[in-house]
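One structure is given here, and the rest of the page talks about it.
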There are 2 protein chains.
Amino acid sequence: MLSHKAKYALKALLYLAEQDENHISRTIEIADGANIPKKFLEQILLDLKRGRFVSSKQGKFGGYYLIKSKNDITLAEIHRLFDGAIALLPCASLNFYEPCSDCKTEDECSLRHGLMLIRDKTLKAMEGITIASLVKK
Amino acid sequence: MLSHKAKYALKALLYLAEQDENHISRTIEIADGANIPKKFLEQILLDLKRGRFVSSKQGKFGGYYLIKSKNDITLAEIHRLFDGAIALLPCASLNFYEPCSDCKTEDECSLRHGLMLIRDKTLKAMEGITIASLVKK
DNA sequence: TATTAATTCTATCGATTTACTAGGAATTAA
DNA sequence: TTAATTCCTAGTAAATCGATAGAATTAATA
């Protein structure tokens with residue numbers, strides 16, 4: 001399941017993608033538009049900024065705007081930024097790999113192989129969902 | 001990600017599936033064999049019993065055994081039993097559906113449609129992973 | 001230069017969940 | 001009767017989650 005953070009991030013990105021080119025959106029505007037608690041959204045926007053999905057302008061008349069094409073922002077990326085690994089176990093993960101502590105023989109985790117199959121399919125599907133694909137519905 | 005409970009459940013089922021027909025496995029035997037904390041495993045086996053994957057014999061010389069074919073126990077089922085919904089949001093879930101609280105117009109969640117696509121693909125993949133498929137590797 | 005309105009940063013909080021552990025009651029076979 | 005096992009109910013420490021508070025910083029503009 002997605003965390004609220006990841007869900008809100010997607011909704012915020014969706015909101016930004018729907019605005020006119022060059023429009024800068026204030027946090028409160030996004031919060032109201034996408035029904036997200038404002039203070040919570042602040043953190044999320046900072047995370048999105050660190051992840052280089054959005055940028056911000058500070059001070060009066062400041063706000064947030066997309067710096068990555070809505071065609072290039074995928075569900076997979078947002079999942080990883082906020083919720084971490086897409087694989088079902090760390091030992092089956094590409095970006096968050098860790099060996100299992102409870103598997104006796106290293107690399108002979110009985111689940112690993114099967115879970116890597118799942119990961120590949122899920123990842124492929126998640127990379128197919130972009131902000132752009134969610135906007136035009 | 002899978003919880004430890006779900007991971008241990010899979011490993012325990014795998015252990016049971018590898019035993020001879022009619023063999024009854026004690027908790028401690030499974031715990032040692034699959035490297036799972038014994039007391040924790042007790043709870044997990046009870047959950048698996050309630051889910052009708054295994055059955056048990058009580059008292060001295062008691063223990064657990066599979067009552068469902070290893071070909072018919074899928075990753076999807078174990079995920080649902082221990083970790084709940086497979087979909088990324090409740091509003092996109094088949095078995096754990098709940099409407100989003102933060103979507104203004106009911107059934108017009110901007111994410112729902114895309115997440116249902118993911119759910120379908122992930123679910124199909126997870127239904128393809130059975131205990132039997134994990135045993136023969 | 002002062003004011004105002006916005007982002008940014010740090011810290012904290014309460015509730016829930018997770019991963020276990022403890023202790024004992026109930027059950028069964030020898 | 002005893003030993004070995006499942007079954008049941010609590011409890012607990014740590015982490016995570018969802019959210020809030022408040023002050024610092026930045027920038028436009030009057």
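Residue numbers start from 1 in every chain, and the chains themselves are labelled A, B, ... in the order their sequence lines are given, proteins ahead of strands.
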Scan B:Gly62 against the nucleic acid and name what it touches under 4.0 Å (heavy atoms): base, sugar-phosphate only, or nothing. sugar-phosphate
Toward the 5' end of DNA chain C, which comes first, A:Lys60 or A:Glu42, by nearest nucleotide? A:Lys60
Rounded to whole angstroms, how far apart are NZ on A:Lys11 and C1' on D:dG18? 15 Å
Is there a Watson-Crick or G-U wobble partner for C:dA30 with both distances under 3.5 Å, and which nucleotide is it? D:dT1
May I ask you to evaluate whether A:Ser56 reaches the phosphate of C:dT7, defined as a side-chain N or O under 4.0 Å from OP1 or OP2? no
Report which part of the nucleic acid B:Phe61 touches: base, sugar-phosphate, or nothing (heavy-atom distance under 4.0 Å, all strands). sugar-phosphate
Check the distance between D:dT26's P and A:Gln58's CD and give it to me in whole angstrom. 7 Å
Nearest-angstrom distance from the residue atom CG of A:Asp47 to C1' of C:dT10: 14 Å
Rounded distance in Å - CG (B:Leu41) to C1' (D:dT5): 14 Å
Is there a donor and acceptor pair closer than 3.5 Å between the side chain of A:Lys39 and the base of D:dG18? no
When we call it a touch if two heavy atoms are under 4.0 Å apart, what does A:Tyr8 touch: a base, just sugar-phosphate, or nothing? sugar-phosphate
Carboxylate-amine/guanidinium proximity below 4.0 Å for B:Lys7 and A:Asp102: yes
Measuring to OP1 and OP2 of D:dT6, would you say a side-chain N or O of B:Thr27 lies under 4.0 angstrom away? yes
If you assign each of B:Asp83 and B:Lys57 to its closest nucleotide in DNA chain C, which residue comes earlier from the 5' end? B:Asp83
Base, sugar-phosphate alone, or nothing: which one does A:Lys7 contact when heavy atoms must sit under 4.0 Å apart? nothing
If you count the non-hydrogen atoms of other residues, nucleotides and ligands that lie under 6.0 Å from NZ in B:Lys124, is the total more than 12? no
Presence of B:His4 side-chain N/O under 4.0 Å of C:dT18 phosphate oxygens OP1/OP2: no
Flag the pair B:Asp83 and B:Lys5 as a salt bridge only when some basic side-chain nitrogen lies within less than 4.0 angstrom of an acidic carboxylate oxygen. no
Residues B:Glu42, B:Lys39: salt bridge by 4.0 Å N-O rule: yes
If Ile, Leu, Val, Met, Phe, Trp and Tyr residues are connected whenever their side-chain heavy atoms lie under 4.5 Å apart, and connections chain through other members, are B:Leu81 and B:Leu41 in the same group? yes
Does B:Gln43 make a side-chain donor-acceptor contact with the base of D:dT6, cut-off 3.5 Å? no
For A:Leu46 and D:dG18, give me the distance from atom CG to atom P, rounded to whole Å. 18 Å
Whole angstrom is fine here: how far is it from CZ in A:Phe40 over to P in C:dG14? 17 Å
Phosphate oxygens OP1/OP2 of D:dT16: is one of them under 4.0 Å from a side-chain N or O of A:Lys5? no
In whole Å, what is the span from the CE atom of A:Met1 to the P atom of D:dG18? 11 Å
Measure the distance from CZ on A:Arg26 to P on D:dA27 and round it to the nearest whole Å. 18 Å
For D:dT5, does OP1 or OP2 lie under 4.0 Å from any side-chain N or O of B:Tyr64? no
Quick one, B:Lys68 with B:Glu77, criterion salt bridge (charged side-chain N to carboxylate O under 4.0 Å, His left out). Give me CA distance, side-chain angles, the key distance, then yes/no. CA-CA 12 Å; B:Lys68 194 164 177 180; B:Glu77 291 176 306; 2.7 Å; yes
